[in-house]
Amino acid sequence: MRYYDRLIFELSRPGRSGYSLPGGGESVNFEGGLWRESSLVLPEVSEVDVVRHYTNLSQMNFGVDTGFYPLGSCTMKYNPKINEEIVPAFNALHPLQPESTVQGAREVLDFMDKALAEITGMKHFTFLPCAGAHGELTGLMLMREYHFSRGDTARTKIIVPDSAHGTNPASAAVCGLDVVVVKSRPDGLVDVEDLKPLLGPDIAGIMMTNPNTLGLFERDIKEIAALVHECGGLLYYDGANMNPLLGVVRPGDMGFDIMHLNLHKTFSTPHGGGGPGSGPVGVAEKLVPFLEKPRVSGFHGNFGVILRACAYILSLGRENIKLAGRLSTLAANYVKESLKDCYKLPIGTVCKHEFVFDGLSEPNGVSTLDVAKRLLDYGFHAPTIYFPLLFHQAIMIEPTETESLQTLDAFIEAMRSIAEEAKRDPELLHSAPHNAPIGRPDETTAARQPVLKYSAE
């Protein structure tokens, strides 16, 4: 361990100080048992130690500004810095200002409503949801209210494909809906024949993303939409995989009634670390009356994220936004075809923005986790692993459209090198990473018994 990788308490030395304050001042008497029973334990460090400690911590983070981040299903695309230029102009706004003084902000929201509606084929959007799963819950609540308004209270079930994102069944459960799973065919697409007997008067709708979690376009989507609508249900579109569709095809044209978008995925705003995020929900015309009024929260949702997405859309324009989807699809297929001889490709058809390997072609005892850990030594963040659950050793790769050919080639070379290492020296992968600040901790114990505070003892 490097010296400044230690906890700041471990850098502490008695009597060392990084500040100088005048003595004296007023004392305050606390009543009602507010006094501490023991002295407050704080690190005693110099200013330079504090600066070096936190600077080193910041450099331990991995993000799209520091390296390639091919996290499948998450669309970790680069966030253009021009997106940040628009934000300071709105920094002085307060959410409780009189509406007459924030017409510029309302104009941004109005533009985004129209732009997202045009891109997706929806009628209107609400900007209340602050994340994708929040958008899912909002959309399902709209679906439920639509049915209730028609006296259709028996629709308590929602159909979810077995390849769906984990948030789909979770959001449905929170909304009080019972989840019914529809199976996938061997080619990775929804099995329409398995779907048909599930449909009936108790079905509120179906949750899907297209392309699906395997990165495959659901070719039967028009038939699926007709079947669900025929039984009285609605179609919900999970917008997590919207990126390859930009300017190519619209969920509304496929037959979807409700959808959410992840502005922190498809529209290049900052992503990860628990936030920020934005999951606006769009609806077809028949569902517009069920949107809350106004269609933004009291604080206008995560307005800074919406601003960045607005800058992204304006920067690309109608013509260039079409390139994002096409280039993300091209990049994914390029990486897939370059690696399919050394990684097991369970479904070999043309993919969209992402694809899934099922571990190494010749694993030699090397697991997907070993591959992911070894990638850190090559300077790349690992793809999504062990998801989707359809494959035991899943490696889910999404390059996005923002990476250069040279970056993709470097990643391909690293993945091929790891495959060769697995053949001749599997222990090298079992013990990876070797160059990271932290090696390979017991992740199960860390998750179940986390140590979240420093003990002076």
Requested in this report: For the pair F68 and F411, name the ring-plane relationship: parallel under 30°, tilted 30 to 60°, perpendicular over 60°.
Outcome: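 If you compare the ring of F68 with that of F411, the planes turn out perpendicular.
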Report task. Measure up the F387 and H165 rings against each other and bin them: parallel (under 30°), tilted (30 to 60°), perpendicular (over 60°). Result ->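 Parallel, since the angle between the ring planes stays under 30°.
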Query raised in the report: Given the side-chain rings of F256 and Y236, with only the six-membered ring counted for Trp, is the space between their centroids under 6.0 Å?
Result: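 No, the ring centres sit 6.0 Å or more apart.
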Query raised in the report: Ring centroid separation for H53 and Y4, is it under 6.0 angstrom?
Result: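 No - the distance between ring centres of H53 and Y4 does not fall below the 6.0 Å cut-off.
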To the nearest 0.5 Å, how far apart are [atom1] in [X] and [atom2] in [Y]?
| X | Y | atom1 | atom2 | answer |
| --- | --- | --- | --- | --- |
| K183 | D162 | NZ | CG | 8.5 Å |
| L263 | H271 | CG | NE2 | 11.5 Å |
| K344 | L339 | NZ | CG | 15.5 Å |

Requested in this report: Check A382 against L375 and note the closest heavy-atom contact, atom names and distance.
Outcome: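 So the two residues come closest at CA-CD1, 4.1 Å.
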Query raised in the report: So which heavy atom on S278 is nearest to which on V305, and how close?
Result: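 Closest heavy-atom pair between S278 and V305: CB-CG1, 3.6 Å.
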Side-chain contact test, heavy atoms from C-beta onward, threshold under 4.5 Å: evaluate it for [X] versus [Y] and give yes or no.
| X | Y | value |
| --- | --- | --- |
| P280 | T126 | no |
| S268 | N83 | yes |
| I159 | I203 | yes |
| I82 | Y312 | no |

Query - Residues forming a ring pair (Phe, Tyr, Trp, His ring centres under 6.0 Å) with Y343, sequence neighbours excluded - result: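 Applying ring pair (Phe, Tyr, Trp, His ring centres under 6.0 Å) to Y343 gives F357.
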Query raised in the report: Is K157 atom NZ crowded by more than 12 heavy atoms from other residues, nucleotides or ligands, each under 6.0 Å away?
Result: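 No, because the 6.0 Å sphere around NZ of K157 holds 12 heavy atoms or fewer from other groups.
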Query raised in the report: Would one find more than 12 heavy atoms of other residues, nucleotides or ligands at under 6.0 Å from atom CZ of R36?
Result: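 Counting other residues, nucleotides and ligands, CZ of R36 exceeds 12 neighbours.
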Using atom types as modelled, flag every donor-acceptor pair under 3.5 Å from a side chain in residues 137-145 to any protein atom, sequence neighbours excluded.
residue: T138; atom: OG1; partner: H134; partner atom: O; Å: 2.8
residue: R144; atom: NH1; partner: C175; partner atom: O; Å: 3.2

Query raised in the report: Are D370 and H430 linked by a side-chain donor-acceptor pair shorter than 3.5 Å?
Result: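 There is such a pair (donor and acceptor under 3.5 Å, judged by atom type) between the side chains of D370 and H430.
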Query - Polar contact flag, side-chain donor to acceptor under 3.5 angstrom, Q393-T368 - result: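 Result is yes, a qualifying pair exists.
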Query raised in the report: With distance as the sole test, does D202 use its side chain to make a donor-acceptor pair with the main-chain N or O of T156 at under 3.5 Å?
Result: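 Flag not set: sc D202 to bb T156 has no pair under 3.5 Å.
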Requested in this report: Identify whether the distance between the nearest side-chain nitrogen and carboxylate oxygen of R52 and D49 falls below 4.0 Å.
Outcome: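 A salt bridge is absent here (no side-chain N lies under 4.0 Å from a carboxylate O).
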